[in-house]
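This report concerns only the one structure given below.
Model, not experiment: these values are computed from the prediction. Just so it is clear: chains get the letters A, B, ... in the order the sequence lines come, proteins before strands, and each one is counted from 1.
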Amino acid sequence: MIRDEIGRMVQEAAGRAQEAGDLPAVALPDPAAIERPQRPEHGDYATSLPLRLARAARAKPLDLGAILARHMPASDAIERVEVAPPGFVNFHLSQRWLAAQVDEIIAAGPAFAQIDAGAGQKVQVEFVSANPTGPLHAGNGRWAALGSALVRVLRAAGYQVEAEYYFNDAGTQIEVFGRTLYARYQQLFGRDVPLPEDGYPGGYMADLAEQAREKFGESMLKPEGEPAPEELTNYGVEQVMGWIRSDLSSLGVEYDTWYREQTVYDSGNFDKVMALLRERSLVIEREGAVWFATSQMDADKDEVLIRSSGLPTYLSTDIGYHYDKFITRKFDRVIDIWGADHQGHVRPLKLAIEAMGLDQERLQIIIGQLVTLRRGQETLKLSKRSGDIVTLREVIDEVGADACLYFFLSRSADVPIDFDLELAKQQSAENPVYYIQYAHARIAGILDRAGDLPAAGDGEGDVSLLTHEAELALIRKMLVLPELIEAIARTLEPHHLPHYAQELATSFHDFYEKCRVIDPEQPDLSHARLKLATAAKSVLAMTLELMGMSAPDKM
RNA sequence: GCCCCCGUAGCUCAGUAGGAUAGAGCGACGGUUUCCUAAACCGUAGGUCGCAGGUUCGAUUCCUGCCGGGGGUACCA
């Protein structure tokens, strides 16, 4: 990345200046902070190092800037180095170097978006992980979009990434699910059985019971008063898991591992981690329950691990699950994406990680604010337990997978989303999604017609002919992608991706208006522009792919 | 009460580990097509960055307090 190269050059300049005695031996920031100025006249990159060093060096920022500029190593990429008040050093890329990047981008192909920030570190990203007690609802789509984009970006950034879905196929909610299903099933045979009070009221449970009847006939019917047969519950859970997988798949979201909660027990990891916590005297028994003594650590209250009923809590299995992630499967880093309604679990789980003797920092939990769904004025509930849900499937069918991904991805995880289905449908015609995809389709159209053009003088097209402002602006925009990937991998904030895609499309559309690509009168320039279009198509496609969106050749 | 997140243009939101004159989309208003897709382009209007202090050469960005909104504070997940 040219940005990093400039950073190294600035450091080198500072080092040389110190050797030459022009700059006092003050500590230099590592690495030198390179920014992108907001205004074009301030160049492509800038550093405020002079302002930062002024105090320690007891010198005027402008003088320091001049010293740095004087000691900057020569580079083909940089045409001009300027010192600007109050103490910036601005770097202008050379037009020739910029134009040459078009060939570089084409030659690199997908590797253009590949950087090595991760150095092969093993990272797991776990997301969605909704209970298999009902179909995914619209809000779950947010975590699907965010998580899958993050996985792709981290891979591009050189991490070895595994995407994982955690199925809570054991525990209280499954038991309730089973009772509800069995009640629905019995009703089909005329038994007057009420739905459990705490059960799942959604209509899909009745559909599921109907399916069960088709499969099992009445063989699941047990004598009155007996509990729900395990086989029926398992059947229901498997069905729901199938729905979930297929919904995610139609969003283009792929997982490497579908992990089952039951595995935490079967593998012995649950017992191991409980024993570990006991060894460290962090487990106490009180009021008939077993507690994790987090108040002895950095918390103001203890947490229940095993209820007085003997059943483990969600927290305790999650602790076992994370023991499995770190100890058994040896991930260097684990990223969990949770909704804000789970934020209370962050502290206790992190304390458990610490209790295992691991650095808390290895577990990063992204807390995303919740999605509320509305249809016009009517606010819709997004809870399986309250019954009336809007499924992710409905949203995908109504607004399309691409628009859905784009919408969920374009907002920071820190802000709640108010999703208006009516509005989403209305706006789908003038959606940014189409704006971006249209740019890709436009290029495909141009490349299709390129055959009509006479051959270029040099046989392939000399990119140094690309000197128009709009051409250079497009190239500059393309060069942002690797920097963006680095930033997203560092901040775990993929919402920059849609904004970038939009800017890139704008740069292309602007170029398209101002520079005619296919012009038989100017074959050399045309071939150079075809290369630029080819490179832009490639970068656009990579950006769309990182978001999980399609890049159509025709619209 | 305590903890977490948010408050930026009429609306929806960006602002990339404090930087130089705060941006985009939509909406509003006005323009652009003998020419590769007008699902496009160009222009105009629109802001005391919730309020008040503090740190700093410099704060939308960091700290404190207040106001407003969302979430959490269960032997639910």
Distance between the P atoms of rG71(B) and rG30(B), in whole angstroms?
42 Å
Taking the minimum atom-to-atom distance to the side chain of His499(A), which one of rA14(B), rC3(B), rC5(B) wins?
rA14(B)
Please indicate yes or no: is the ring centre of Phe88(A) less than 5.5 Å from the centre of the six-membered base ring of rA20(B), with the two planes inclined by under 30 degrees?
yes
With the side chain defined as heavy atoms from C-beta on, Gln173(A) is closest, among rG15(B), rA77(B), rU12(B), to rA77(B)
Distance-only donor-acceptor test, Gln369(A) side-chain atoms vs rG71(B) base atoms, 3.5 Å
no
Below 3.5 Å, does any donor atom in the side chain of Asn90(A) face an acceptor in the base of rA20(B), or the other way round?
yes
Tell me which nucleotide among rC3(B), rC13(B), rG25(B) gets nearest to the side chain of Val415(A).
rC13(B)
Roughly how many Å is it from CG in Leu540(A) to P in rA40(B), rounded to a whole number?
14 Å
What's the gap between rA20(B) and rC75(B) when it is taken at their P atoms, as a whole Å value?
50 Å
Of the listed nucleotides (rA77(B), rG23(B), rA17(B)), which one gets closest to any side-chain atom of His342(A)?
rA77(B)
Please determine, for the side chain of Ala340(A), which listed nucleotide (rA14(B), rG71(B), rC36(B)) has the closest atom?
rG71(B)
Considering only atom C1', compute the distance from rG23(B) to rG15(B) and round it to an integer number of Å.
7 Å
For rG47(B) and rC11(B), measure between their P atoms and round to the nearest Å.
12 Å
Which of the following nucleotides, rC42(B), rG71(B), rG19(B), is nearest to the side chain of Leu370(A)?
rG71(B)
Euclidean distance, Glu483(A) CD relative to Ile2(A) CD1, rounded to 0.5 Å
9.5 Å
For the side chain of Tyr434(A), starting at C-beta, report the closest nucleotide among rG72(B), rA39(B), rC76(B).
rA39(B)
Any donor-acceptor N/O pair under 3.5 Å between rG19(B) base and Arg36(A) side chain:
no
Under 4.0 Å between a side-chain nitrogen and a carboxylate oxygen: does that hold for Glu354(A) and Lys350(A)?
no
For rC51(B) and rC67(B), measure between their P atoms and round to the nearest Å.
16 Å
Rounded C1' spacing from rU33(B) to rA40(B) in Å:
10 Å
Hey, does the side chain of Arg307(A) come within less than 4.0 Å of rA77(B)'s phosphate (OP1/OP2), counting only N and O?
yes
Can you tell me the base-pairing partner of rA28(B)? Count Watson-Crick or G-U wobble geometry only, both distances below 3.5 Å, and say none if there is no partner.
rU44(B)
Using only heavy-atom distances, decide whether a donor-acceptor pair under 3.5 angstrom links the side-chain of His345(A) to the base of rA77(B).
yes
C1' gap between rU61(B) and rG19(B), integer Å
11 Å
CG of Leu277(A) to CG of Leu282(A), rounded to nearest 0.5 Å, is 6.0 Å
For the pair Asp510(A) and Lys477(A), find out whether any cationic side-chain nitrogen is under 4.0 Å from an anionic carboxylate oxygen.
no
Minimum heavy-atom distance Leu64(A)-Pro50(A), with the two atoms named
CD1-O, 3.6 Å
Is there ring stacking between His42(A) and rA20(B), where the centres must be under 5.5 angstrom apart and the planes under 30 degrees?
yes
Short side-chain N/O contact to rC42(B) OP1/OP2 from His509(A), under 4.0 Å:
no
Could you tell me how far rU16(B) sits from rU32(B) if I compare only their C1' atoms? Round to whole Å.
35 Å
Between rA20(B), rU21(B), rG71(B), spot the one nearest the side chain of Gln343(A), thanks.
rG71(B)
If I take atom OH in residue Tyr406(A) and atom C1' in nucleotide rC13(B), what distance separates them, rounded to the nearest angstrom?
10 Å
NZ or CZ of Arg442(A) within 45° of Phe508(A) ring axis and under 6.0 Å
no
